[in-house]
Amino acid sequence: MRLELTNKANCAVAKLDGELDEGCVKEVREKIDKFIAGNNFGQFVFDFSGVSFMDSTGIGMLLGRYKNLKQLGVPIYISNARGHVDFILSTAGIYTIMRKIS
C-alpha cells in the first residue's frame with residue numbers, strides 16, 4: 001500500500017494505492033493521524049483510485065478517521081472508488097457518513 005498525503009487549497013487528500021487490508025492498515029492509520037494533527041484544512045478526501053482491494057480493517061480505519069475529523073468539524077469525502085471497493089463502502093454504509101464524489 002502506498003499513501004500520498006497532500007494539502008492544497010484548504011483540501012487535504014489521502015491518495016491510496018494498493019490493497020487496504022490488515023497487513024497495512026495500522027501504518028496507514030498512523031500516517032493519516034499524524035498528517036491530520038500537523039495540518040489545517042477545511043475538507044478531507046480519501047482518493048481510492050488506486051485501491052484494488054479493501055476488507056473490514058479498511059472500513060475500521062475510515063470510521064476512526066471519520067470520528068477524529070468530525071470532532072474537528074472537517075467534512076470527509078470518498079472519491080474514485082470502483083468495483084469491489086465501491087461495493088464494500090456502499091454495503092458498509094460509509095456513503096451515509098462520507099459523501100461520494102467523482
Side-chain angles (χ1 to χ4, degrees):
M1 168 60 60
R2 286 184 300 161
L3 171 64
E4 179 183 340
L5 295 160
T6 57
N7 185 8
K8 295 180 183 174
N10 205 33
C11 179
V13 177
K15 185 174 184 348
L16 303 155
D17 188 16
E19 295 185 359
L20 184 57
D21 58 19
E22 187 177 3
C24 68
V25 79
K26 180 181 178 193
E27 182 180 351
V28 169
R29 181 180 65 240
E30 289 171 354
K31 286 181 179 180
I32 292 173
D33 286 348
K34 185 176 180 180
F35 178 81
I36 290 169
N39 287 276
N40 292 315
F41 40 82
Q43 61 185 354
F44 197 97
V45 177
F46 286 97
D47 180 350
F48 278 84
S49 59
V51 178
S52 57
F53 174 83
M54 183 175 73
D55 64 12
S56 62
T57 58
I59 296 294
M61 185 277 298
L62 286 173
L63 291 174
R65 307 312 48 84
Y66 170 77
K67 182 179 175 184
N68 294 345
L69 290 163
K70 184 175 178 163
Q71 289 177 347
L72 297 172
V74 176
I76 306 133
Y77 302 93
I78 302 284
S79 71
N80 301 313
R82 294 181 199 81
H84 164 77
V85 174
D86 184 51
F87 176 77
I88 295 292
L89 293 169
S90 179
T91 302
I94 294 298
Y95 295 137
T96 64
I97 59 173
M98 299 179 196
R99 194 167 132 217
K100 181 179 180 178
I101 59 173
S102 300

Do [X] and [Y] belong to the same hydrophobic cluster, where Ile, Leu, Val, Met, Phe, Trp and Tyr are linked whenever their side-chain heavy atoms lie under 4.5 Å apart, directly or via other members?
| X | Y | answer |
| --- | --- | --- |
| V51 | F53 | no |
| Y77 | L69 | no |
| F46 | V28 | yes |
| V74 | Y66 | yes |

- Message: Surrounding CZ of F87 (heavy atoms of other residues, nucleotides or ligands, distance under 6.0 Å), is the total greater than 12?
- Response: no
- Message: Heavy-atom count check: over 12 atoms from other residues, nucleotides or ligands less than 6.0 Å from N40 CG?
- Response: no
Nearest heavy-atom neighbours spanning [X] and [Y]:
| X | Y | answer |
| --- | --- | --- |
| N7 | A12 | OD1-N, 4.0 Å |
| G42 | P75 | O-CD, 3.1 Å |
| L3 | L16 | CD1-CD2, 3.5 Å |
| V85 | F48 | CG1-CD2, 3.7 Å |
| A81 | Y95 | CB-OH, 3.6 Å |

Taking the side chain as every heavy atom from C-beta outward, state whether [X] and [Y] have any pair of such atoms under 4.5 Å apart.
| X | Y | answer |
| --- | --- | --- |
| L62 | R65 | no |
| K70 | K67 | no |
| I59 | L89 | yes |
| C24 | E19 | no |
| S56 | E22 | no |

Hey, what do you get for [atom1] ([X]) to [atom2] ([Y]), rounding to the nearest 0.5 Å?
| X | Y | atom1 | atom2 | answer |
| --- | --- | --- | --- | --- |
| E27 | M61 | CD | CE | 12.0 Å |
| N68 | R29 | CG | CZ | 10.5 Å |
| I78 | D47 | CD1 | CG | 9.5 Å |
| I88 | I94 | CD1 | CD1 | 11.0 Å |

- Do the charged groups of K34 and E30 touch, with an N to O distance under 4.0 Å? no
- If the plane angle is over 60° it's perpendicular, under 30° parallel, otherwise tilted; pick one for F41 and F35. parallel
- Residue pairs, two or more places apart or on separate chains, that pass salt bridge (charged side-chain N to carboxylate O under 4.0 Å, His left out) and touch residues 91-100: D86-K100
- Any sub-3.5 Å donor-acceptor pair from H84's side-chain atoms to S52's backbone N or O? no
- Query: Pick one: which of I32, V13, I36, N39 meets side chain to side chain contact (heavy atoms under 4.5 Å, CB included) with L5?
  - Reply: I32
